[in-house]
Amino acid sequence: MKKTIVWILINSFMFYFTIGNFSLLHAQKKKKVTTAILNLQSKGGVTSNEASTLTDRFRTELVKLDVYTVLERGQMDEILEEQGFNLSGCTSSECAIEAGKMLGVQVMIAGDVGKVGDVLTIDVRMFHVATGKIIKAIQEDHKGSVSGLLGVMKKIARKAAGLSAEEEKSSGGFPWLWVGLGVVALGGGAAVLLGGSSSDNEPDPPETSLPDPSWPPGN
């Protein structure tokens, strides 16, 4: 009888522990920062079409990292068109922030791509829309063809997400290993174990504390 009571207590604890972690995971996912990306501006050596393609690659890589909620380009165009806002020639920080407010995002990303001698260079800036402050500036240089910049965009996306080149971030969710959940019937000693795992070891950046010294990660 005593063993049965112990089993019930242990499994009750594991049940509430599991439910609590699922609730925390759900709350964290709601806090994901929203962002939109303006087309990279060409400063010579790169055509506007190439700059647009590089922007699309950057957007895709950032979405794959699952750190931010990234607004699709089609959604951006539709929202801004409804409000009569023209992105053509939107190169200043003030313009980027104004667009961000209309889009309803927390972080706006803009940048430039150009060529100096035989070196291609990309500069990307992340703006906190509410304050207008630059919260992260990223620069990457590439000596080679424009097509080589496609791989560079992955590096820039990882830096924007606060990840190093070695780190991996899955879309899996919460950093905890196999968890056992036992269901024990009175008078029986059998248990059913259920579990799940994830390689994600970083919580999403907080929604309400931008900007502060601890955000974005890796700053």
Side-chain angles (χ1 to χ4, degrees), residues 22 24-42 46 49-79 87 96 99-100 103-113 120-129 134-142 144-177 196-207 210-211 214-219:
F22 275 119
L24 181 57
L25 170 61
H26 182 68
Q28 284 180 334
K29 288 301 179 182
K30 285 187 174 181
K31 294 180 180 178
K32 196 181 297 183
V33 171
T34 56
T35 185
I37 304 169
L38 295 180
N39 262 0
L40 293 172
Q41 297 295 315
S42 174
V46 178
N49 285 338
E50 288 170 332
S52 180
T53 299
L54 291 171
T55 306
D56 289 340
R57 174 60 62 90
F58 173 49
R59 184 181 290 108
T60 298
E61 294 293 345
L62 196 57
V63 169
K64 285 164 61 178
L65 293 173
D66 195 33
V67 172
Y68 304 98
T69 297
V70 184
L71 201 64
E72 288 290 339
R73 180 56 197 252
Q75 291 178 292
M76 287 176 55
D77 291 341
E78 183 178 347
I79 294 171
L87 278 177
L103 293 169
V105 297
Q106 296 164 278
V107 173
M108 203 69 187
I109 302 177
D112 313 298
V113 56
L120 292 160
T121 181
I122 296 179
D123 293 277
V124 170
R125 296 169 297 282
M126 301 175 68
F127 300 93
H128 182 226
V129 174
I134 296 177
I135 53 179
K136 182 171 283 194
I138 303 166
Q139 184 182 61
E140 287 288 339
D141 297 329
H142 171 71
S145 64
V146 175
S147 62
L149 290 176
L150 290 170
V152 174
M153 300 317 298
K154 182 174 182 178
K155 292 175 62 178
I156 293 177
R158 296 186 68 80
K159 287 186 176 183
L163 302 175
S164 70
E166 292 77 23
E167 289 176 305
E168 292 295 335
K169 183 173 181 66
S170 76
S171 59
F174 197 78
W176 52 300
L177 300 175
S197 66
S198 169
S199 61
D200 184 352
N201 56 9
E202 283 188 62
D204 292 315
E207 181 178 18
L210 303 180
S214 66
W215 194 94
N219 200 13

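Computed from a predicted model, the values in this text were never measured in an experiment. Numbering starts at 1 and runs along the sequence shown.
Atom CZ of residue R57 and atom NZ of residue K154 lie 9.5 Å apart, to the nearest 0.5 angstrom. The CE atom of M126 lies 11.5 Å from the CD1 atom of I134; values are rounded to the nearest 0.5 Å. For the atom pair CD1 of I138 and CZ of F58, the computed distance is 6.0 Å after rounding to the nearest 0.5 Å. Remark: Q106 CD to I135 CD1 distance equals 9.5 Å, nearest 0.5 Å. Residue L54 holds its CG atom at 5.5 Å from CG of L150, rounded to the nearest 0.5 Å.
Looking at heavy atoms from C-beta onward, R73 lies in side-chain contact with R59 at the 4.5 angstrom threshold. Residues D141 and L120 have side chains not in contact (no heavy-atom distance under 4.5 Å, counting atoms from C-beta outward). Looking at heavy atoms from C-beta onward, K32 lies in side-chain contact with D66 at the 4.5 angstrom threshold. Inter-residue side-chain proximity for I109 and L62 is flagged as met; some heavy-atom pair is nearer than 4.5 Å.
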- Derivation and outcome, side-chain contact (heavy atoms from CB on, under 4.5 Å), residues L103 and M108: CA-CA 9 Å; L103 293 169; M108 203 69 187; 3.6 Å; yes
- Task: For the pair M76 and L87, evaluate side-chain contact (heavy atoms from CB on, under 4.5 Å) and give the outcome as yes or no after the intermediate values.
- Result: CA-CA 10 Å; M76 287 176 55; L87 278 177; 4.2 Å; yes
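A donor-acceptor pair under 3.5 Å is formed between the side chain of T35 and the backbone N or O of V107. Side chain of Y68 to main chain of A160: a donor-acceptor pair is present (N/O by atom type, distance under 3.5 Å, no hydrogens or angles).
For E61 against A157, the heavy-atom pair with the smallest separation is CB-CB, 3.6 Å. Summarising the geometry of A51 relative to V46, their closest heavy-atom pair is N-CG1, 3.9 Å, with the distance given to 0.1 Å. Closest non-hydrogen pair, L40 versus T55, comes out as N-OG1, 2.8 Å. Taking every heavy atom of both residues into account, V129 and G100 meet most closely at CG1-C, 3.9 Å. A pairwise comparison of heavy atoms in G104 and T34 identifies O-OG1, 4.1 Å as the closest pair. The minimum heavy-atom distance between A110 and L38, with the atom names listed, is CB-CD1, 4.1 Å.
Looking at E140 and K159, a side-chain N of the basic residue comes within less than 4.0 Å of a carboxylate O on the acidic one, giving a salt bridge.
In this structure, a donor-acceptor pair under 3.5 Å is absent between the side chains of Q41 and D112.
Results of the side chain to side chain contact (heavy atoms under 4.5 Å, CB included) test with H142 over V113, I122, L149 single out L149 as the only residue that passes.
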